[in-house]
Chemist: 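Dropping a structure here in structure tokens format, bear with me for questions.
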Amino acid sequence: MAAPAMAGLKPALTIKGIIREGAFLRPEFRVGTIESLAKCFLPSFIANVRQEASRVLAVTGTSQTLISALQHREIDFAFVSDLFSEMQGLTRLKVFEERSVLLMPAKFAAGHSKKWTWDEIQLCGLPYLQYFRDGGAGRLNDTYLSLLHLDIPARIEVDSTSTMLSLVANGIGWTITRALAILQNPEKAKDVIVLPLPAPELSRPLYLVARPDESQRLISRVGEVSREIFNNEITPELKKIAAWLLKPRN
């Protein structure tokens, strides 16, 4: 439970926050990220903050589990793919936005053009592989297909990006995912092909979320480090996967 506000101080500034803002202790960095950031983001983040931290805790999970951990004070910062606009009082910073892609088995799609239509995808002979419907990726894909009035049945549903890429790489089916999934599973890159989605495009923002009583200085620092990693390390790697991922949207 948060400590009560002290007289003469801003209500949202807890004793923990006061200590962090001062020079008495180095801050803790307790962060959680969605699975697709575990390899391409977390190691660099830890390397950037470890010298200024008294302790670094890093965990991964779904957006929902991370927000729950944030609310229960198990972590202080969550990198998630959902704005959680229904939850009042959270501090939110957009740190990146990534395009969604069509992911096909490389051997299966080798003889096809680099652009597919939805009619071609639905009649390609491979099933649609669905992300877990209660997860952020699953809800995003479901909403997208629903808005396009596309009724594409899915008999296989998984909650792990690593499992999803293995299924596609083994020729089991196709899916809609994000390019960061390839960075998370580089060993699968040669067996899958990343293609543009047919119009309209779909993108996914990534947010840094914190509680309202968290130190604003610390939130700004985490946001600054995060953007530097995305701009200087992750963006060049995405360009290697497909240069069109970084082109201006139509």
Side-chain angles (χ1 to χ4, degrees), residues 34-40 62-63 81-82 96-206 230 234-250:
I34 54 177
E35 181 193 6
S36 59
L37 296 178
K39 285 184 181 179
C40 64
T62 65
S63 293
S81 59
D82 195 317
F96 192 66
E97 186 165 350
E98 56 173 336
R99 281 178 169 167
S100 296
V101 299
L102 172 65
L103 199 69
M104 287 264 187
K107 291 181 179 179
F108 176 82
H112 196 279
S113 66
K114 292 185 178 180
K115 289 189 176 181
W116 290 65
T117 66
W118 280 117
D119 286 341
E120 290 173 327
I121 294 169
Q122 292 182 89
L123 298 174
C124 73
L126 289 181
Y128 170 50
L129 306 178
Q130 169 69 40
Y131 277 95
F132 182 50
R133 294 177 186 275
D134 288 340
R139 291 202 312 276
L140 179 66
N141 291 354
D142 277 356
T143 301
Y144 175 68
L145 294 175
S146 177
L147 290 173
L148 293 177
H149 304 290
L150 293 173
D151 184 14
I152 305 178
R155 292 184 297 169
I156 299 174
E157 185 174 334
V158 299
D159 69 348
S160 164
T161 297
S162 179
T163 301
M164 181 65 80
L165 260 74
S166 293
L167 290 171
V168 176
N170 290 328
I172 304 301
W174 62 272
T175 194
I176 299 169
T177 190
R178 270 45 66 182
L180 288 181
I182 306 298
L183 299 186
Q184 177 71 4
N185 300 273
E187 70 281 0
K188 303 296 181 185
K190 65 181 177 58
D191 296 318
V192 299
I193 187 166
V194 177
L195 300 163
L197 280 174
E201 292 184 349
L202 173 66
S203 62
R204 179 177 76 167
L206 297 176
F230 278 108
I234 294 178
T235 295
E237 292 302 313
L238 291 177
K239 187 175 182 179
K240 293 177 185 178
I241 294 173
W244 53 265
L245 286 169
L246 304 179
K247 292 180 180 179
R249 292 171 177 78
N250 297 327

Chemist: Return the minimal non-hydrogen interatomic distance between Asp142 and Arg133, and the atom names on each side.
Modeler: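 Closest heavy-atom pair between Asp142 and Arg133: OD2-NH1, 2.9 Å.
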Chemist: Testing the basics here: between Leu238 and Ala179, what is the closest heavy-atom pair and its distance to 0.1 Å?
Modeler: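 Here Leu238 and Ala179 meet closest at CD2-CB, 3.6 Å.
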Chemist: Side-chain contact, heavy-atom cut-off 4.5 Å: Asn141 with Leu202?
Modeler: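 Yes, close enough: below the 4.5 Å cut-off.
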Chemist: What distance separates Thr175 OG1 from Met104 CE, expressed to the nearest 0.5 Å?
Modeler: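 CE of Met104 is found 10.5 Å from OG1 of Thr175.
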Chemist: Which atom pair, heavy atoms only, marks the closest approach of Trp118 to Leu150?
Modeler: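 The pair with the smallest heavy-atom distance is CD2-CD1, 3.6 Å.
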Chemist: Determine the minimum heavy-atom distance between Arg178 and Val101, stating which atoms define it.
Modeler: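 That would be C-CG2, 4.3 Å.
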Chemist: Before you tell me yes or no, could you show the steps for Ile34 and Leu180 under side-chain contact (heavy atoms from CB on, under 4.5 Å), namely the whole-Å CA-CA distance, both residues' side-chain angles and the distance that decides it to 0.1 Å?
Modeler: CA-CA 11 Å; Ile34 54 177; Leu180 288 181; over 6 Å; no
Chemist: What distance separates Leu140 CG from Ser100 OG, expressed to the nearest 0.5 Å?
Modeler: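 Output value for this atom pair is 5.0 Å.
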Chemist: Would you sort out whether Glu97 and Arg204 count as a salt bridge (Lys or Arg N to Asp or Glu O under 4.0 Å), showing the intermediate values?
Modeler: CA-CA 6 Å; Glu97 186 165 350; Arg204 179 177 76 167; over 6 Å; no
Chemist: Any chance you could measure Thr235, atom OG1, to Lys240, atom NZ, to the nearest 0.5 Å?
Modeler: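 Rounded to the nearest 0.5 Å, the OG1-NZ separation comes to 12.0 Å.
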Chemist: Got Val192 and Ile182 here, is their nearest side-chain heavy-atom distance under 4.5 Å?
Modeler: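 In contact.
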Chemist: Using every non-hydrogen atom in the two residues, find where Lys239 and Leu246 come nearest and quote the distance to one decimal.
Modeler: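 So the minimum-distance heavy-atom pair works out to CB-CD1, 3.4 Å.
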Chemist: Compare all side-chain heavy atoms of Thr177 with those of Tyr131 and state whether any distance is below 4.5 angstrom.
Modeler: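 With C-beta onward as the side chain, the pair touches.
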Chemist: Using 0.5 Å steps for rounding, measure from the CZ atom of Phe230 to the CG atom of Leu206.
Modeler: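 Going from the CZ atom of Phe230 to the CG atom of Leu206 covers 5.0 Å.
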Chemist: Short question: side chain of Tyr144, backbone of Pro200 - any donor-acceptor pair under 3.5 Å?
Modeler: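 Yes, the answer is positive, given that a donor and an acceptor are paired below the 3.5 Å cut-off.
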Chemist: Side chains of Asp191 and Pro105: does their closest heavy-atom pair fall under 4.5 Å?
Modeler: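 SC-SC contact between Asp191 and Pro105 ruled out.
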Chemist: Do Leu183 and Lys39 make a side-chain contact, defined as non-hydrogen atoms from C-beta onward lying under 4.5 Å apart?
Modeler: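 No, their side chains stay 4.5 Å or more apart.
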Chemist: Does the side chain of Phe96 reach to within under 4.5 Å of the side chain of Pro205, using non-hydrogen atoms?
Modeler: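 Of all side-chain heavy-atom pairs linking Pro205 with Phe96, none is under 4.5 Å.
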Chemist: Under 4.0 Å between a Lys/Arg side-chain N and an Asp/Glu carboxylate O for Arg139 and Asp82?
Modeler: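 Yes, this pair counts.
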Chemist: Would you compute the distance between atom CD of Gln130 and atom CD1 of Ile152 and round it to the nearest 0.5 angstrom?
Modeler: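 One gets 10.0 Å once the value is rounded to the nearest 0.5 Å.
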Chemist: What distance separates Gln184 CD from Cys40 SG, expressed to the nearest 0.5 Å?
Modeler: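 Between Gln184 CD and Cys40 SG, I get 6.5 Å after rounding to 0.5 Å.
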Chemist: Looking only at atom types and distance, does a side-chain atom of Ser63 sit under 3.5 Å from a main-chain N or O of Ser81, one as donor and one as acceptor?
Modeler: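 At least one qualifying donor-acceptor pair exists.
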Chemist: Between Glu120 and Trp116, what is the shortest heavy-atom contact and its length?
Modeler: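 Closest approach of Glu120 to Trp116, heavy atoms only: OE1-CA, 3.4 Å.
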Chemist: Walk me through it: do Arg99 and Ser203 pass the test side-chain hydrogen bond (donor to acceptor under 3.5 Å, both in side chains)?
Modeler: CA-CA 4 Å; Arg99 281 178 169 167; Ser203 62; over 6 Å; no
Chemist: Applying side-chain contact (heavy atoms from CB on, under 4.5 Å), run through Leu145 and Tyr128 and close with a yes or a no.
Modeler: CA-CA 12 Å; Leu145 294 175; Tyr128 170 50; 3.8 Å; yes
Chemist: Taking the side chain as every heavy atom from C-beta outward, state whether Ile156 and Ile172 have any pair of such atoms under 4.5 Å apart.
Modeler: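 Result yes, sub-4.5 Å side-chain heavy-atom pair found.
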Chemist: Please confirm whether the backbone N or O of Leu102 pairs with a side-chain atom of Trp174, one donor and one acceptor, at under 3.5 Å?
Modeler: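 Between the backbone of Leu102 and the side chain of Trp174 there is no qualifying donor-acceptor contact (under 3.5 Å).
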Chemist: Let me check something: any side-chain donor-acceptor pairs from residues 161-170 under 3.5 Å, sequence neighbours excluded? List them with distances.
Modeler:
{"residue": "Ser162", "atom": "OG", "partner": "Asn185", "partner atom": "OD1", "Å": "3.3"}
{"residue": "Thr163", "atom": "OG1", "partner": "Ser160", "partner atom": "OG", "Å": "3.4"}
{"residue": "Ser166", "atom": "OG", "partner": "Ser162", "partner atom": "O", "Å": "3.1"}
{"residue": "Ser166", "atom": "OG", "partner": "Lys188", "partner atom": "NZ", "Å": "3.4"}
{"residue": "Asn170", "atom": "ND2", "partner": "Ser166", "partner atom": "O", "Å": "3.0"}

Chemist: Can you find a pair of side-chain heavy atoms, one from Phe108 and one from Ile193, that are under 4.5 Å apart?
Modeler: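 Side chain of Phe108 against side chain of Ile193, heavy atoms only: no contact under 4.5 Å found.
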